K.L.:
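Quick one: the structure is below, questions incoming.
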Number of protein chains: 2
Amino acid sequence: MYFSLMPRPREFEPDAVLNVAMLRFWERGYRAVSVEDLVKATGVKPGSLYSAFPGGKRALFLKSLERYSRLVVPEKLGELEASDASLAEVRGYFDGLVRDLLSPEGRQGCLLVNTAIENAAEDDEAAAVVRGHLARLERCMTHALENAVRRGQVRASLDCAGSAKLLVATCQGLMVVGKANPDGVLLRAIVDNAFAALA
Amino acid sequence: MYFSLMPRPREFEPDAVLNVAMLRFWERGYRAVSVEDLVKATGVKPGSLYSAFPGGKRALFLKSLERYSRLVVPEKLGELEASDASLAEVRGYFDGLVRDLLSPEGRQGCLLVNTAIENAAEDDEAAAVVRGHLARLERCMTHALENAVRRGQVRASLDCAGSAKLLVATCQGLMVVGKANPDGVLLRAIVDNAFAALA
DNA sequence: ATTGTTTTTGAATGGTCGCTCATGTATTTT
DNA sequence: AAAATACATGAGCGACCATTCAAAAACAAT
């Protein structure tokens, strides 16, 4: 009996290519990034790209969204996803957001927010990833607020679930404002006022 | 002496063309709209389009932003820009926003929010229009909140300027959330919680 | 009717888009 | 060495992009 023969091995790392794609989509948006851009940025020729990522540009985009959710988002959330997170972690998340929006590298905002605006209306799969992200944010913020109530960090009468929904919307809004007007005084005022309502 | 001779008159209304362009950019975004789309939608041939709007597609886009600010925004703001506006008008604006996001025609969100995300980073002129819009929103919300304090509709200790900044961010966030997840229960919960903080 | 001026027309421009495919190459088995 | 397999290469596909332009047409004054 014959065993399958070993083919020529890949000369590039698909994950590295996907990472480049993610970064490009993140900073320029889906439509603004061409496959040729990716070919130039990775050195991987079109044929190899398409055989490594069946479905072409859009598949690469959807995989970029997933990669972003899996690698970038947890880093931004930090300890906010820990089961003992409370008010400090929520505040830390917002402060990190503001810091990012004011730094030269962070002005691209959030890939998932950008996707909500650019693609959600015309791409259900992309919209679903965004919805998943929003639900995840809401979930861990609700949990953190519940801990905060328990520890007396916020008023006991706080509607944790509702406040979490508002905080999620607030951080999306923060990113829209920050993208058009990266003004630290303004952004910090927004965050301060959002948290003043919780105490 | 000779007077200038009369040329052939225009057969289309530039404002009507601009209106079509605005609507397209609004619902699909700048990159997603091609000049050919506009030619088909208006019946105005490329040559005429380019001679009526020097600067081509981008000029048409910038003029669309201005038209949106001048015609659509005041309609959405309604009485919020009146000098005697107070809490009810702020609430009315948010309720209108939610109503729009839930209606089939309003799912496109706000052209200026979409522009903040899609174009602000790479187009300073577009970003400036967006910043102007945000400042306008903040100004009339601050004014309305001051009236609300005077009338005892909100607590006297309210930081009107700060709360207005937060409300502006909140309505941007509302549009991001609504675009990915047009869920009336969720959107209304966000608005309710935003206003609970003012009382 | 002729002339001067501006508009309309739509074919054509050169470029870029996402994507495919024939050909050559590297690797491991027989 | 030869065969089998998957990969790398990059020229090339048709479609579409924003934009231009030469020619024809419409108007008012002469």
Side-chain angles (χ1 to χ4, degrees), chain A residues 1-18 20-25 27-65 115 118-119 122-123 125-126, chain B residues 1-18 20-25 27-65 115 118-119 122-123 125-126:
Chain A
M1 104 172 253
Y2 297 100
F3 294 93
S4 69
L5 301 181
M6 284 282 108
R8 175 178 180 175
R10 267 227 173 75
E11 292 179 2
F12 62 93
E13 193 58 55
D15 258 20
V17 169
L18 186 54
V20 168
M22 181 195 75
L23 292 171
R24 296 271 160 175
F25 288 135
E27 66 183 11
R28 314 233 298 124
Y30 177 68
R31 294 207 189 248
V33 174
S34 70
V35 175
E36 200 193 350
D37 286 338
L38 300 177
V39 168
K40 279 180 184 158
T42 60
V44 176
K45 304 292 179 281
S48 300
L49 240 187
Y50 278 85
S51 87
F53 298 95
K57 185 184 172 185
R58 180 166 172 276
L60 220 30
F61 178 62
L62 291 175
K63 279 191 181 298
S64 293
L65 294 183
T115 299
E118 191 192 350
N119 306 296
E122 60 188 351
D123 188 331
E125 282 191 68
Chain B
M1 114 174 245
Y2 297 100
F3 294 92
S4 67
L5 302 180
M6 285 280 107
R8 175 177 182 174
R10 267 228 172 76
E11 293 178 3
F12 63 92
E13 192 57 54
D15 259 20
V17 169
L18 187 53
V20 169
M22 182 195 75
L23 292 171
R24 297 272 160 175
F25 288 135
E27 67 183 9
R28 313 234 296 122
Y30 177 69
R31 296 213 188 242
V33 175
S34 70
V35 175
E36 200 193 349
D37 287 337
L38 299 177
V39 167
K40 278 180 184 159
T42 60
V44 175
K45 304 291 179 286
S48 300
L49 241 185
Y50 277 84
S51 87
F53 297 94
K57 184 184 172 185
R58 181 165 172 275
L60 220 29
F61 179 62
L62 292 176
K63 280 191 182 298
S64 292
L65 294 183
T115 300
E118 192 191 352
N119 306 295
E122 61 189 351
D123 187 330
E125 283 191 68

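Everything numeric in this text was worked out from a predicted model, so none of it was measured. Chain letters run A, B, ... following the sequence lines, proteins first, then strands; residues in each count from 1.
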K.L.:
What nitrogen or oxygen pairs link the protein and nucleotides 9-15 of chain C at under 3.5 Å?
P.N.:
from, atom 1, to, atom 2, distance (Å)
C:dG10, O6, B:Gly47, N, 3.2

K.L.:
Contact class for A:Val35 vs. all strands (heavy atom < 4.0 Å): base, sugar-phosphate, or nothing?
P.N.:
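Sugar-phosphate contact only.
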K.L.:
Rounded to whole Å, how long is the line connecting atom CG of A:Leu38 with atom P of C:dC17?
P.N.:
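It is 11 Å, rounded to the nearest whole Å.
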K.L.:
Looking only at heavy atoms, which two atoms of A:Leu18 and A:Leu60 are closest? And how far apart?
P.N.:
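Here A:Leu18 and A:Leu60 meet closest at CD1-O, 3.8 Å.
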K.L.:
Under 4.5 Å between any side-chain heavy atoms of B:Val17 and B:Phe12, yes or no?
P.N.:
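SC-SC contact between B:Val17 and B:Phe12 confirmed.
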K.L.:
For a quick check of understanding: with a heavy-atom distance under 4.0 Å over all strands, which category does A:Val39 fall into, base, sugar-phosphate or nothing?
P.N.:
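It contacts nothing in the nucleic acid.
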K.L.:
Rounded to whole Å, please give me the gap between CZ in B:Arg10 and C1' in C:dT6.
P.N.:
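Between C1' of C:dT6 and CZ of B:Arg10: 9 Å.
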K.L.:
Over how many whole Å does the gap from A:Phe12 atom CZ to D:dA6 atom P extend?
P.N.:
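So the two atoms are 16 Å apart, to the nearest Å.
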K.L.:
For B:Tyr50, check side chain to side chain contact (heavy atoms under 4.5 Å, CB included) against everything at least two apart and list the hits.
P.N.:
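Partners of B:Tyr50 by the side chain to side chain contact (heavy atoms under 4.5 Å, CB included) criterion, ordered by chain and then number, come out as B:Val35.
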K.L.:
Are side-chain heavy atoms of A:Glu13 and A:Arg10 found at a separation under 4.5 Å?
P.N.:
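Contact flag for A:Glu13/A:Arg10 side chains = no.
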K.L.:
Could you state the atom-to-atom distance from CG of B:Asp37 to C1' of C:dC17 in whole Å?
P.N.:
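For the pair B:Asp37 CG and C:dC17 C1', the rounded distance is 15 Å.
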K.L.:
Measure NZ/A:Lys40 against P/D:dG10 and give the value in whole Å, please.
P.N.:
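Those two atoms, NZ and P, are 14 Å apart.
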K.L.:
Please determine if A:Lys57 forms a cation-pi arrangement with A:Tyr30, meaning its NZ or CZ atom is less than 6.0 Å from the six-membered ring centre and no more than 45° off the ring axis.
P.N.:
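Ring-cation test returns yes.
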K.L.:
Check the distance between C:dG18's C1' and A:Arg31's CZ and give it to me in whole angstrom.
P.N.:
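After rounding, the gap between these two atoms is 13 Å.
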K.L.:
Assess whether a salt bridge exists between B:Arg58 and B:Glu125, defined as any Lys/Arg side-chain N lying under 4.0 Å from an Asp/Glu carboxylate O.
P.N.:
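Yes, B:Arg58 and B:Glu125 are salt-bridged.
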K.L.:
What is the distance, to the nearest angstrom, from the CZ atom on A:Phe53 to the C1' atom on D:dC7?
P.N.:
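To the nearest whole Å, that distance equals 14 Å.
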K.L.:
Looking only at side-chain atoms of A:Tyr50, point me to the closest of D:dC27, C:dG18, C:dT8.
P.N.:
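Side chain of A:Tyr50 sits closest to C:dG18.
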K.L.:
If the condition is side chain to side chain donor-acceptor pair (under 3.5 Å), which residues does A:Asp37 pass it with, not counting sequence neighbours?
P.N.:
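Partners of A:Asp37 by the side chain to side chain donor-acceptor pair (under 3.5 Å) criterion, ordered by chain and then number, come out as A:Ser34.
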K.L.:
Within this structure, what is the CD-to-C1' distance between B:Glu36 and D:dC17, rounded to whole angstrom?
P.N.:
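Going from B:Glu36 (CD) to D:dC17 (C1'), I get 9 Å.
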K.L.:
Mark yes or no for a side-chain to base donor-acceptor pair under 3.5 Å between B:Arg8 and C:dT5, with no hydrogen or angle criteria applied.
P.N.:
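No pair found.
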